[in-house]
2 protein chains.
Amino acid sequence: MNTPTPGGEVAAALGELLVRSSRARLHRALTEGLGADIDEATYPVLSGLARLGPRTAAALACDIGLDRSVISRHATRLERAGLLSRSADPSDARATLLTLTDAGNTTVEHMRTRLADHLDRYFADWPEPQAQAFAHALRRFVDQGLSFEESPADGARS
Amino acid sequence: MNTPTPGGEVAAALGELLVRSSRARLHRALTEGLGADIDEATYPVLSGLARLGPRTAAALACDIGLDRSVISRHATRLERAGLLSRSADPSDARATLLTLTDAGNTTVEHMRTRLADHLDRYFADWPEPQAQAFAHALRRFVDQGLSFEESPADGARS
DNA sequence: TATTGTTATACTCTATAACTATA
DNA sequence: TATAGTTATAGAGTATAACAATA
């Protein structure tokens, strides 16, 4: 059998999803036609700020797993594109708050709805309860199931 | 508001999954401790050959969406690590077949079972039918749902 | 002294182009 | 002439280190 366990099946699917060509396709679907400054590199900053709200580069770096310096450079690109603005943090003169502009929020909303519509068209072929169950399960999985940090017992393979 | 449609929910989850830190975590879970030559770059070549069987660099490049030159360089790394061997293609003297060695196949199998075990431990908390349904749905989604190419009219529209 | 933002530097991965051998 | 494999080059992205300003 190809599908001995749910874990095995999900493992195979994740492997496929991690392949660059799959990711590139998804990213194109997300960012296509939105301007030269929205790409695979700036997207995490843009969506991170949309999801978490205004934050400093250091805080966002911690949140999305990139270095401060990378955030700073991408923020400059997004600022030049008019999607993000920098402002002084009132509570700490060292810090600079990164905030999405109206254009930035609009763009993020545009990306979100476009991909959601794509997916809704795909799920139109699915039985409604099954589509909903899958969506809930996937979110739950992404939120909780990606914590592989704990040492996996088999550990040192020498 | 949180879950307007399945598409919207899946879109958010995919956005999360595409973030580099999530990918890096998954890749660590897959390749950790397997040697310096198995990483995010060589993994697609390794798993591609395991999935598709012996192939030339050109064919594999087409299959996994990387350039021939990239395949060739990673193949060299994997060959040095003893996981892959090159052999002449009997039917075309220009071509070189890339084939996984026994060690290569063992390594792939090791990666696969390790991640599958991880995931099975995670799914142990789920009701069995729900876990199976999710696994099937995810595979179906990855196999069919990633075709977001904007113009379905010009090509194979299933 | 520690931290923030920024910039310079080095490293890695990928695609393009160029070269050789073969169809 | 076209295609396969390989190598050299260039482009992009990230992390590290170093700097000035502030806590």
Side-chain angles (χ1 to χ4, degrees), chain A residues 18-25 27-28 31 35-49 54-81 84-99, chain B residues 18-25 27-28 31 35-49 54-81 84-99:
Chain A
L18 286 178
V19 167
R20 183 183 174 81
S21 56
S22 295
R23 283 191 289 122
R25 219 180 319 182
H27 265 287
R28 263 199 308 276
T31 63
D37 290 302
I38 301 176
D39 53 29
E40 198 162 341
T42 54
Y43 168 76
V45 175
L46 200 60
S47 71
L49 288 175
R55 292 178 99 69
T56 66
L60 187 59
C62 183
D63 288 325
I64 68 179
L66 289 176
D67 191 80
R68 298 194 300 254
S69 62
V70 178
I71 308 280
S72 180
R73 199 171 316 111
H74 293 328
T76 301
R77 278 181 63 194
L78 292 169
E79 189 179 28
R80 271 199 294 256
L84 177 153
S85 72
R86 285 187 228 244
S87 58
D89 186 334
S91 65
D92 189 337
R94 296 172 302 180
T96 301
L97 279 178
L98 305 176
T99 309
Chain B
L18 286 178
V19 167
R20 184 182 174 80
S21 57
S22 295
R23 284 190 288 122
R25 218 179 320 183
H27 265 288
R28 264 198 307 276
T31 63
D37 289 301
I38 300 176
D39 53 28
E40 199 163 341
T42 53
Y43 168 76
V45 175
L46 201 60
S47 71
L49 288 176
R55 293 179 98 69
T56 66
L60 187 59
C62 184
D63 288 325
I64 69 179
L66 289 175
D67 191 80
R68 298 193 299 255
S69 63
V70 177
I71 308 281
S72 179
R73 199 169 316 110
H74 293 325
T76 300
R77 277 182 63 194
L78 292 169
E79 190 179 26
R80 271 199 293 257
L84 177 152
S85 71
R86 285 186 228 245
S87 58
D89 186 334
S91 65
D92 188 339
R94 297 173 301 182
T96 301
L97 280 177
L98 306 176
T99 308

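So you know, we letter chains A, B, ... as the sequences are listed, proteins then strands, and number each from 1.
Atom CG in A:D39 sits about 17 Å away from atom P in D:dG11, given to the nearest Å. Atom CG in A:L78 sits about 13 Å away from atom P in C:dT6, given to the nearest Å. Rounding to whole angstrom units, CZ of residue B:R86 and C1' of C:dA21 are separated by 16 Å. Computed from coordinates, the A:L97 CG to C:dT6 C1' distance equals 16 Å when rounded to whole Å. Per the geometry, CZ belonging to B:R55 stands 15 Å off C1' belonging to D:dA4, to the nearest Å. Counting to the nearest Å, the P atom of D:dG5 and the CG atom of B:D89 are 9 Å from each other. Atom CG of B:L84 and atom P of D:dG5 are 12 Å apart (whole Å).
Overall, the helix from C:dT1-D:dA23 to C:dA23-D:dT1 carries an axis bend of 0° between its ends, with five pairs at each end and the value rounded to 10°.
Residue-to-nucleotide proximity on DNA chain D shows that, of A:R77 and B:A57, the 5′-proximal contact is made by B:A57.
Atom OG1 in B:T99 sits 10.5 Å away from atom CD in B:E79 (nearest 0.5 Å). Atom SG of residue A:C62 and atom CD1 of residue A:I64 lie 10.5 Å apart, to the nearest 0.5 angstrom. Separating the CG atom in B:L84 from the OG1 atom in B:T76 is a distance of 8.5 Å, to the nearest 0.5 Å. The CG atom of B:L60 sits 5.0 Å away from the CG atom of B:L49 when rounded to the nearest 0.5 Å.
Shown for residues 40-48 of chain A: residues whose heavy atoms fall under 4.0 angstrom of DNA chain D, namely A:A41. Contacts between residues 62-74 of chain B and DNA chain D, counted as heavy-atom distances below 4.0 Å, involve B:R68, B:S69, B:S72, B:R73.
B:T56 is listed as a side-chain neighbour of B:L97, based on a closest heavy-atom distance under 4.5 Å.
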Anything under 3.5 Å between a donor and an acceptor, one on a side chain of residues 65-75 of chain A, the other on a protein residue two or more places apart or in another chain? List them.
unit_1	atom_1	unit_2	atom_2	d
A:D67	OD2	A:S69	N	3.0
A:D67	OD2	A:S69	OG	2.8

Give me, pair by pair, the N or O atoms of the protein and of nucleotides 20-23 of chain D that are less than 3.5 Å apart, along with how far apart they are.
unit_1	atom_1	unit_2	atom_2	d
D:dA23	OP1	A:A93	N	3.2
D:dA23	O4'	A:R94	NE	3.4

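Backbone-only contact: A:T56 has heavy atoms under 4.0 Å from sugar-phosphate atoms and none from a base.
Counting only residues at least two apart or on different chains, the salt bridge (charged side-chain N to carboxylate O under 4.0 Å, His left out) pairs with a member in residues 37-46 of chain A are A:R23-A:E40, A:D37-A:R77, A:D39-A:R77.
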